[in-house]
Protein chains: 2
Amino acid sequence: MEYTVQGLAKLAGISARTLRYYDEIGLLKPARINASGYRIYGQKEIERLQQILFYRELGVGLEKISNIVGAPDFSQVKALREHREQLLKKRKQLNVLIANVDKTLAWAEGRISMTDKEKFEGFKQQMLDDNEKKYGQEIRAKYGDEQVNKSYQKLKNMTEEQFAEVEKLGSSVLAALKSALATGDPAGELAQQTADLHRQWLSYYWDSYTKEAHAGVAQMYVDDERFTAYYDRIQPGAAAFLRDAVFIYTGVNK
Amino acid sequence: MEYTVQGLAKLAGISARTLRYYDEIGLLKPARINASGYRIYGQKEIERLQQILFYRELGVGLEKISNIVGAPDFSQVKALREHREQLLKKRKQLNVLIANVDKTLAWAEGRISMTDKEKFEGFKQQMLDDNEKKYGQEIRAKYGDEQVNKSYQKLKNMTEEQFAEVEKLGSSVLAALKSALATGDPAGELAQQTADLHRQWLSYYWDSYTKEAHAGVAQMYVDDERFTAYYDRIQPGAAAFLRDAVFIYTGVNK
DNA sequence: ATACACCTTAACGCTGCGTCAAGGTCAATG
DNA sequence: CATTGACCTTGACGCAGCGTTAAGGTGTAT
């Protein structure tokens, strides 16, 4: 198929002026000029224009594009794979921006707090990849992705009052655990009260509470040394004691 | 928190020059100027800048932004909801672009064919909404979404040779059906051969063949008047006959 | 007191087109 | 066959949104 300027322009969703400009700067020359001086574009030009638009969409300057697609060793397939990768990156960034809007909305309605830094998340390009690579992996691998990640987010978004209340609840869990430990009975009333406090505390972090998840976290307190260390400060074996109490409390036994 | 130009610039991921320019054109004035003439930005300015960047990301001109966020009845929450919607639209467009890359890759490797128009899908903004609204609904509602839609896609992407072969298979189905109809026996050999040809024909459209899906389509030939009309051209009751034959062929009976 | 990282205003330059202006081409129409 | 209307051409100016350079003041740590 052959196209005049406006034909190709309409096809590609750009202006005729843009095509003339691309001709002028040598980025995209028509296949030929007809007897009346009209620009006529053919199949090759269509493919080249597609490449140009992909690069443009990704924010590459026209001169750089010219160098890239004009290079003698330019590979369309290779370029397309590159485009794919870059577009996926862009989509990721868009998702961050959307999350930002949601968060800002929640903040504007007073439901959560928000740092200045968070208010600009998603606007800056790049850099996030590195963070993702550096930290993302180990942290998520250990914690089990989704749930823990979400908890952390929710924690970051609390208002100060909420945060204070959580802190209070957290320390009362520790206090109750201390008393319960003295009895030595994870099924006893004190231990069960501790488990209940622990449930309340967790509910601040989670959207939905389930017995299974609660028991899962209790088990993690024993499996993950960071948590174990935290609870065992009170007394060695405290983490295991809390886990036993929660298992009994929830009725879940793994 | 208070920020100098560079402080805010780093926070927001923009340049100090940009902030000075925004001051110059009255888009974002600092909260105050200190004794040495430094620009100092406060909390309000941060929120305003966030709004500005959202609009900018969506391609709105600076002057228009100025009018919007400077309007006396400007509502942050309302704006955020708008942003959300626009960003979702943008993400949709990005998805189209990514699909385009994938398709172009398949095309470049000779696996499918591709029209010129398809090569520019996703570059043009807008308009797709209307198409979606106008056609999408009725068509999908009737046909059962996914499967039919996918089939259509696959059909569009075939090379010419493939297409020719499919056409040939399709007409041989009709021919076989005609002969089979003469026997009047959907369980007979001719009818079963027809069902087998029909299976082969379907396999060109589907990624994975299952007896159930095959039988489902056969039933649709009776239920949907467009298909019924198509087959009944041969002879009234042809669609029902084909369905019966396919039911026997697949061993599925609904 | 000097070095260094900030800040200021002022000015010019660049990209990627949009937007006239002034004119030729082409097919259908009265 | 002349006119109309939708195309095409080159040429030129204009504009947004900054980047960049220049020439200089500020703040504080050594």
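Here is the naming used below: chain letters follow the sequence lines, and residue numbers restart at 1 for every chain.
For Glu24(A) and dG18(C), the CD to P distance is 13 Å, given to the nearest whole Å. Put simply, CG on Leu19(B) is 11 Å from P on dG19(D), counting in whole angstrom units. The CG-P distance, from Asn34(B) to dG27(D), rounds to 7 Å in whole Å. With rounding to whole Å, Leu28(A) atom CG is found 13 Å from dC17(C) atom P. The nearest whole Å value for the distance from the CD1 atom in Ile65(B) to the C1' atom in dG17(D) is 11 Å. Between the P atom of dG16(C) and the NZ atom of Lys64(A) lies a distance of 12 Å, rounded to the nearest Å. In this structure, Leu62(A) atom CG and dC14(C) atom C1' are separated by 12 Å, rounded to whole Å.
Checked by atom type, the side-chain pair Glu57(B)/His83(B) shows no donor-acceptor distance below 3.5 Å.
The pair Asp116(B)-Lys119(B) meets the salt-bridge criterion, since a charged nitrogen lies less than 4.0 angstrom from a carboxylate oxygen.
A residue-by-residue look at Ser36(A) and Thr18(A) shows that Thr18(A) has its nearest nucleotide of DNA chain C further toward the 5' end.
The base of dG24(C) sits with one of its N or O atoms less than 3.5 Å from a complementary donor or acceptor on the side chain of Tyr38(A). Arg20(B) contributes no side-chain N or O that forms a donor-acceptor pair with the base of dT9(C) under 3.5 Å. On a pure distance criterion of 3.5 Å, no polar donor-acceptor pair joins the side chain of Tyr22(B) and the base of dG17(D).
For Thr4(A), no side-chain nitrogen or oxygen approaches OP1 or OP2 of dC7(D) to under 4.0 Å. Considering only side-chain N and O atoms, Arg39(B) lies nowhere under 4.0 angstrom from the phosphate OP1 or OP2 of dC7(C). The side chain of Ser15(A) contributes no N or O atom lying less than 4.0 Å from OP1 or OP2 of dC17(C).
Across all strands, Ile25(A) comes closer than 4.0 Å to no nucleic acid atom at all (heavy-atom distances).
The side chain of Val5(B) lies closest to dT8(C) when the candidates are dT25(C), dT8(C), dC17(C). Here the nucleotide nearest the side chain of Arg17(A), chosen from dT26(D), dG17(D), dT19(C), is dT19(C).
Heavy atoms from other residues, nucleotides or ligands lying under 6.0 Å from CD of Gln43(B) number more than 12.
In this structure, Ile65(B) and Leu27(B) approach most closely via the heavy-atom pair CG2-CD1, 4.0 Å.
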